[in-house]
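For reference, the structure discussed in these notes is given below.
By convention in this document, chain letters (A, B, ...) are assigned in the order of the sequence lines, proteins followed by strands, and residues within each chain are numbered from 1. Small disclaimer: the values here were computed from a predicted structure and weren't measured. Every heavy atom of this structure was used, including side-chain atoms; hydrogens, water molecules and symmetry mates were not.
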Amino acid sequence: MNSKFFIGIVIVIVLIGGFSLFYKKGSYSPSINPQSKTESANPMSKKTNPASEDKNGQNIVTLGENGFSPVTLTVKAGTKVTWLNKSGKKAAINSDPHPIHTNYSLLNLGSFESEDSLSLTFDKAGTFGYHNHLNPSQKGTIYVL
Amino acid sequence: MFTFKIKNYSPNLLKIPKIQMALFLLLIAISAVLYEKRFLSFLMIFSTVISTVTFDVIFTRLRKVKPILPSAAIVSGLIIGLLLDPTLPWYYAFITSAIAMASKNFLRYQNRHIFNPAAFGLLIAGLLFNKITSWWAVSFQAFRIDPISLFFFIILLSPGFVSMVRMRRYKILLAFFAAYVLLIGVLQSFQLTKTVLDPTIIFFGLVMLPEPMTSPNKPIRQILFGITVAAIAVLTGLLHTSFTFDPLITGLLVGNLIFFKFR
């Protein structure tokens, strides 16, 4: 009786989780832009040439000792956002929530050393929270219109 | 008042699984402090261990139970120290440790505590102070093919000798990993290596998840427990709860609550 009760609970939980997953996957999911997928999949492409970034400094998020600046950034769909690490130490850009990073997998850009950069093109509208996995109190949000 | 009269324990402390676990956790702590190059981090770990041992002794005396070697409190203190942000004020470690040991001593069923003490302390203190669990000491050991990275990664795996070999809790870990990888795989297009080799997930699975006092003993229940914790963790992440509801810790505590009567 007890074992059946348990198995029942676990099945219910997994079903709820599975339903939520598919519901959520429908919301986020892409037809992933091949350009952005290549950028996130190819480690070499993560380190952008500073000269190719926006000369006005737009769409750039700088990580300093005290966190990301700007904390929130609003961009249009199809825009590339670049993170510059000026913190003096290694950092890692990962999607919320900490520490499982499941909200938006393309935002799991991984670690980068000080003075390096990472980029991602946001193809779909939405709100994308992220943090520095190595110091998760440092958080930011990208709003894509 | 605080002398211990310990009967019938092996004079060789190094054979006690909890002591072995504490030594491996200490090794992780030292490697993390060396990596961070910040002595402050070690102070946090030291203060959490002292706090948990002190509160465990006090609460044990309040329960009028004969004191034993506080090896469990040492392990809990080390876990809290490895996971708490080392830049937080000193009282944060103190309060987290107090809450952890209070749950260990007073939230009990049939002479066993219900919740993983470190996880309980971290979650409740996190909610009280609106601070997330950092996992600072178990985030940097990414698996890479270079000597230093491998060295840190192997240190991260070392507690597995206690939980998987000595305590034989591998069914819980395998069930958790299988369920977690499957669920995350659906979300992240099966980026298996990133999931399976995530140092935070590895530490959680090897150290916190299979804690013997708060996880089932029977094989089928161990498997169900592992699956349940994985499902709750992923579900918590999906629900966009406040940042302080750490998905892994929430999954573990809910699993403890579901299974505490069915060990």
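Here CG of B/Leu238 is found 7.0 Å from CD1 of A/Ile100. Values are rounded to the nearest 0.5 Å.
Side chains of A/Pro99 and B/Pro247 form a contact here, defined as non-hydrogen atoms less than 4.5 Å apart.
There is no contact between B/Phe204 and chain A, counting heavy-atom distances below 4.5 Å. In this structure, chain A has a heavy atom under 4.5 Å from the side chain of B/Thr200, while its backbone stays farther away. Heavy-atom distances place no part of B/Ala230 under 4.5 Å from chain A, backbone and side chain included.
For A/Leu145, the CG atom is densely surrounded, since the number of other residues' heavy atoms within 6.0 Å is greater than 12. Other residues, nucleotides and ligands contribute more than 12 heavy atoms inside 6.0 Å of the CZ atom of B/Phe153. A 6.0 Å sphere centred on CZ of B/Arg112 holds more than 12 heavy atoms belonging to other residues, nucleotides or ligands. A 6.0 Å sphere centred on OH of B/Tyr35 holds more than 12 heavy atoms belonging to other residues, nucleotides or ligands. Atom CG of A/Asn66 has 12 or fewer neighbouring heavy atoms from other residues, nucleotides or ligands inside a 6.0 Å radius.
Of all heavy-atom pairs between B/Thr133 and A/His98, the closest is O-CD2, 3.3 Å.
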